[in-house]
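Please read the structure below before turning to the comments.
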Protein chains: 2
Amino acid sequence: MSGSGGPTALMKEALNANAQAVLEAVRSSHNHPTALEIYEAVRKVRPRIGVASVYRILHSLAQQGLIRELGRSDEACRYDGHIERHDHAICTTCGALLDLPVDVRLSEEALRMAAQAAGIELHSHEVRLYGQCAACRQKAQAEREQARQIAPDPGAAEAE
Amino acid sequence: MSGSGGPTALMKEALNANAQAVLEAVRSSHNHPTALEIYEAVRKVRPRIGVASVYRILHSLAQQGLIRELGRSDEACRYDGHIERHDHAICTTCGALLDLPVDVRLSEEALRMAAQAAGIELHSHEVRLYGQCAACRQKAQAEREQARQIAPDPGAAEAE
DNA sequence: CCTAATAATGATAATCATTATCAATATGCT
DNA sequence: AGCATATTGATAATGATTATCATTATTAGG
């Protein structure tokens with residue numbers, strides 16, 4: 001327990017060479033690469049890296065907000081019997097997919113312009129809200145309280 | 001060639017017992033069930049049905065617009081280096097995922113209300129446009145022309 | 001510098017959703 | 001009935017992702 005203010009495992013901000021290579025690969029690609037495509041790209045720079053590390057790093061980067069993941073597939077495809085157009089809320093913690101009971105209205109004009117800009121023939125659209133659902137918020141809250149009882153304020157003396 | 005106006009394989013509108021059971025299962029579920037959950041539910045009514053049929057039927061129903069599928073996972077998860085909020089266009093034919101170069105503006109007010117209605121703590125949002133991308137439109141067009149040359153206007157005498 | 005403790009890594013196996021295959025069955029027609 | 005054709009479902013194959021675990025790198029202490 002040295003007094004050097006040693007960051008043991010909590011300070012993850014600094015990216016190592018592998019993580020930097022992955023981040024670079026994602027940033028320099030202008031389509032939306034899959035994990036395996038990123039793996040192939042990174043391989044050229046860091047030939048010894050394995051898929052597992054790429055996945056680990058991608059998750060870590062996404063969690064730090066340095067990249068974004070589109071279309072989680074750790075969940076299976078889901079089906080919806082409500083075919084009238086409607087929007088969704090997606091819990092970023094548990095992945096729950098909720099119907100929005102109210103429409104997020106947006107202008108036909110803006111939609112048309114956006115579709116034209118992308119070059120697609122617009123058939124439908126959807127608004128997705130991302131955030132933490134009520135259940136996950138409660139659970140996180142409970143865990144925070146419990147953690148406080150076990151290890152009360154580690155590093156409370158830090159500037160904050 | 002009987003003159004009974006016989007629908008050989010093109011008239012798929014009428015759903016058979018399996019398809020009806022699947023549709024019923026999707027409609028009666030108020031969460032967003034996965035294919036396997038639907039399979040389990042349908043099994044209770046039609047015990048001899050297999051997973052392959054459930055998947056086939058789900059795709060067919062979705063194609064007919066009777067149900068909707070959320071979060072295709074035939075494609076892998078994709079990553080995006082642009083972390084500033086932006087919207088996407090998704091090709092319903094080839095699954096391509098395109099960044100929208102323009103924002104589809106919508107009111108903060110409406111977003112907040114929708115998030116509250118769903119009970120989530122809003123972190124971010126995204127508009128998704130669904131349609132056919134330029135490449136797929138051209139390909140479909142070409143195929144249509146080719147089909148015309150092979151079988152010119154079958155049933156052109158129909159009322160239309 | 002050498003060694004022990006610990007964390008990070010990568011090869012490989014396991015898992016899970018989905019799709020393909022193909023023999024068996026059902027359906028329609030004469 | 002008897003044949004042609006379409007549908008079905010059991011099972012294997014595929015592909016993405018995750019878990020496991022031995023190996024390797026890193027650090028601290030002597």
Interatomic distance where CG belongs to Leu70(B) and P belongs to dT18(C) [whole Å]: 12 Å

Atom CD1 of Ile38(B) and atom C1' of dT18(C) are separated, to the nearest Å, by 13 Å

Measure from CG on Asn16(A) to C1' on dA25(D) and round the result to the nearest Å. 11 Å

Give the B/S/- string for nucleotides 9-15 of chain D, one per nucleotide from 5' to 3', where a protein heavy atom under 4.0 Å of the base yields B, of only the sugar-phosphate yields S, and otherwise -. BB-----

Do any N or O atoms from the side chain of Arg128(B) and from the backbone of Val127(A) form a donor-acceptor pair under 3.5 angstrom? no

Show the nearest heavy-atom pair for residues Val42(A) and Ala21(A), with the distance to one decimal. CG2-O, 3.8 Å

What I want to find out is whether Glu24(A) reaches Arg27(A) closely enough, with some N-O distance under 4.0 Å, to be called a salt bridge. no

Give a yes or no on whether Leu61(A) and Leu36(A) share a hydrophobic cluster (residues Ile, Leu, Val, Met, Phe, Trp, Tyr; joining criterion: side-chain heavy atoms under 4.5 Å apart). yes

I need the CG-P distance between Leu58(B) and dA17(C), as an integer number of Å. 14 Å

Test ring pair (Phe, Tyr, Trp, His ring centres under 6.0 Å) applied to His123(A) - qualifying residues, sequence neighbours left out: none

Tell me whether Ile38(A) is reachable from Val51(A) by hopping between hydrophobic residues (I, L, V, M, F, W, Y) whose side-chain heavy atoms are closer than 4.5 Å. yes

To the nearest angstrom, how far is Arg78(A) atom CZ from dT18(C) atom P? 10 Å

Per-helix bend value, the helix from dC1(C)-dG30(D) to dT30(C)-dA1(D), C1' rotation axes over five pairs per end, 10° rounding, shows 10°

Might you work through the side chain to side chain contact (heavy atoms under 4.5 Å, CB included) test for Arg112(A) and Gln116(A), ending with a clear yes or no? CA-CA 6 Å; Arg112(A) 255 194 291 273; Gln116(A) 188 170 30; over 6 Å; no

